[in-house]
Participant: 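Sharing a structure here in structure tokens format.
Just so we're on the same page: letters track the sequence lines, and every chain starts at 1. No experiment lies behind these values; they were computed from the predicted model shown.
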There are 2 protein chains.
Amino acid sequence: MDMEKHTTASIFETLRDRICLLDYPPGTILREAALAKEFGISRTPIRAVLQRLEHGSLVTVRDGVGTIVTDLDRAELNDIYEMRLKIAELIGVLSPRKITPADETLAIGLLKRARQLVTNYSASEYWQINHAQHALIADLIGNSVLREVWDQLYYRSARFWYREASNTPDGVVQDLVAELGEITRAFRARDTVAVGYIQRNFIAFSFARLKSALNPDQPTS
Amino acid sequence: MDMEKHTTASIFETLRDRICLLDYPPGTILREAALAKEFGISRTPIRAVLQRLEHGSLVTVRDGVGTIVTDLDRAELNDIYEMRLKIAELIGVLSPRKITPADETLAIGLLKRARQLVTNYSASEYWQINHAQHALIADLIGNSVLREVWDQLYYRSARFWYREASNTPDGVVQDLVAELGEITRAFRARDTVAVGYIQRNFIAFSFARLKSALNPDQPTS
DNA sequence: ATTGAACATGGTGCATACATCAATACCCAT
DNA sequence: ATGGGTATTGATGTATGCACCATGTTCAAT
């Protein structure tokens, strides 16, 4: 029984998170009828949601087949991360919002939560902290276009690093703690440019980690 | 009588161009039923097209009211152009495709067409040349994510400069000729980085022109 | 045994009727 | 004359039946 009132926005977020959290692994075929039945509505609004997901490059709809969760190939990984590296540097440049004490408080809270991950790891908690950190920084971006691109690339890259976090949580959690520590420091100094560069650096670290995971060893002749 | 076979992709391009060419001025209310009747199909595929346009920030769909062509306010102009300036610099940086003799030939052809605009101005021809130039350069971009963003921001900015071109065609056409001249030179040198910087510069020129058009005079105390 | 086409099945794409929402005009009370 | 609640109108949002497409299967011919 579903007592909740599912709106198209909430369904979109639900499906998006299922894809990002690899609950729907790449290649999964989603059926409109099944989703419609699950959420207790008709196929029409489901189709609208799937179209939005397709715009975000998370799925591709194929006539007569179904809606297929997109694959994670290496070329796309490179393209997304190359862009995120460059986009991050713009965060503090394109007329950002001023950092407030409330922001600082939120960052400190996230840092504390992240530190607890070191001893008690939980994939769901890791995801939620990342999510909150992303929202916190996206809210600083003054340029609306930059914020949209930043947001979309975040969700498009999420599956890559979430899978890596599940495989080898140790290093990933250490990075998250370090990142939030630096962000807290930058927030204390009210330095938005620093926030952008911190993001750039940790995206680069994550990128390196993912690449070495795909290339376990250097090829030997 | 419509003998052509309208596909959703062609309808999307048609409506997009109507918005960009100010055939549908900002504030215009589009009715799904009217569009469905015009293209000889039902409301369902029309709604899909309108959703795509909304994703591109060209319209907003309001329940019970209609689909409204978005307004051109100054804040959005600033955000879009700030981003385009930064994005343009990445064209030659993020693994671009090699420039070929065929590209050079196309650029020279566009330059010739642009020169004819100086004596015989035509708004439609101006639009088509800009369109072809955009496609030519977008095709050089190797990073798929960058290409998508570049493409979307082009169409999002189109209405601003198209309106300016209609108001004062002279300076705009001169800029176009100069831009295509420099692009041709960069193509001859097979220098993709130069292409990106040329784009950046002429976007900046256009930006300055638009800002001065919105601020006819400096405010006097 | 293998290959080929015809067919059965289950999916998305489309068309249409109905439900719901927003704006406006209207009418009655003041 | 005016103000506010109500009815009306026409829009988008939703549900559902049908058409078309893709895919796997089956059966016959070689």
Participant: Detail all sub-3.5 Å separations between protein N/O atoms and N/O atoms belonging to nucleotides 16-22 of chain C.
Facilitator:
{"unit_1": "C:dT16", "atom_1": "O4", "unit_2": "B:Thr44", "atom_2": "OG1", "d": "3.4"}

Participant: One thing to verify: whether A:Glu38 and A:Arg18 come together as a salt bridge, which I'm taking to mean a side-chain N less than 4.0 angstrom from a carboxylate O.
Facilitator: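 Yes, this pair counts.
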Participant: Could you give the CD-to-C1' distance, from A:Glu54 to C:dG13, as a whole number of Å?
Facilitator: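 Taking CD of A:Glu54 and C1' of C:dG13, I get 13 Å after rounding.
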Participant: Sequence neighbours excluded, which residues qualify as ring pair (Phe, Tyr, Trp, His ring centres under 6.0 Å) partners of B:His131?
Facilitator: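 Result, ring pair (Phe, Tyr, Trp, His ring centres under 6.0 Å) vs B:His131: B:Trp127, B:Tyr155.
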Participant: Looking at residues at least two apart in the chain, or sitting in another chain, which of them share a ring pair (Phe, Tyr, Trp, His ring centres under 6.0 Å) with A:Phe202?
Facilitator: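 With neighbours one apart ignored, the set is A:Phe205.
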Participant: Going by the salt bridge (charged side-chain N to carboxylate O under 4.0 Å, His left out) test, which pairs reach into residues 55-71 of chain A, not counting sequence neighbours?
Facilitator: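 Qualifying pairs, neighbours excluded: none.
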Participant: When the distance from CG of A:Leu50 to C1' of C:dG13 is rounded to whole Å, what number comes out?
Facilitator: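 To the nearest whole Å, that distance equals 13 Å.
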Participant: Quick one: list whatever passes side chain to side chain donor-acceptor pair (under 3.5 Å) with A:Arg52, sequence neighbours left out.
Facilitator: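 Expected list: none.
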Participant: Just the endpoints, please: which first and last nucleotides of DNA chain D, 5' to 3', lie under 4.0 Å from a heavy atom of chain B?
Facilitator: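 Listed 5' to 3', the contact boundaries are D:dG10 to D:dT14.
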Participant: Applying ring pair (Phe, Tyr, Trp, His ring centres under 6.0 Å), can you list everything that pairs with A:Tyr81, at least two apart in sequence or on another chain?
Facilitator: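 Expected list: A:Phe207.
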Participant: Mind calculating the distance between CD1 (A:Ile68) and P (C:dG11) to the nearest angstrom?
Facilitator: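 In whole Å, C:dG11 P and A:Ile68 CD1 are 13 Å from each other.
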Participant: At under 4.0 Å between heavy atoms, what does A:Leu30 touch on the DNA or RNA strands: base, sugar-phosphate, or nothing?
Facilitator: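 Sugar-phosphate only.
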Participant: Filter on side chain to side chain donor-acceptor pair (under 3.5 Å), then keep only pairs touching residues 83-95 of chain B, sequence neighbours left out; what's left?
Facilitator: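 Non-adjacent pairs meeting side chain to side chain donor-acceptor pair (under 3.5 Å): B:Arg84-B:Ser157.
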Participant: When all nucleic acid strands are considered with a 4.0 Å heavy-atom cut-off, which category describes B:Ile41: base, sugar-phosphate, or nothing?
Facilitator: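 Counting heavy atoms under 4.0 Å across all strands, the contact made by B:Ile41 is with sugar-phosphate only.
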Participant: Output the rounded distance in Å from CZ (B:Phe39) to P (C:dC14).
Facilitator: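 Nearest whole value for this atom pair: 14 Å.
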Participant: Partners of A:Pro45 by side chain to side chain contact (heavy atoms under 4.5 Å, CB included), sequence neighbours excluded?
Facilitator: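 By the side chain to side chain contact (heavy atoms under 4.5 Å, CB included) rule, A:Pro45 matches A:Thr8, A:Ile41, A:Ser42.
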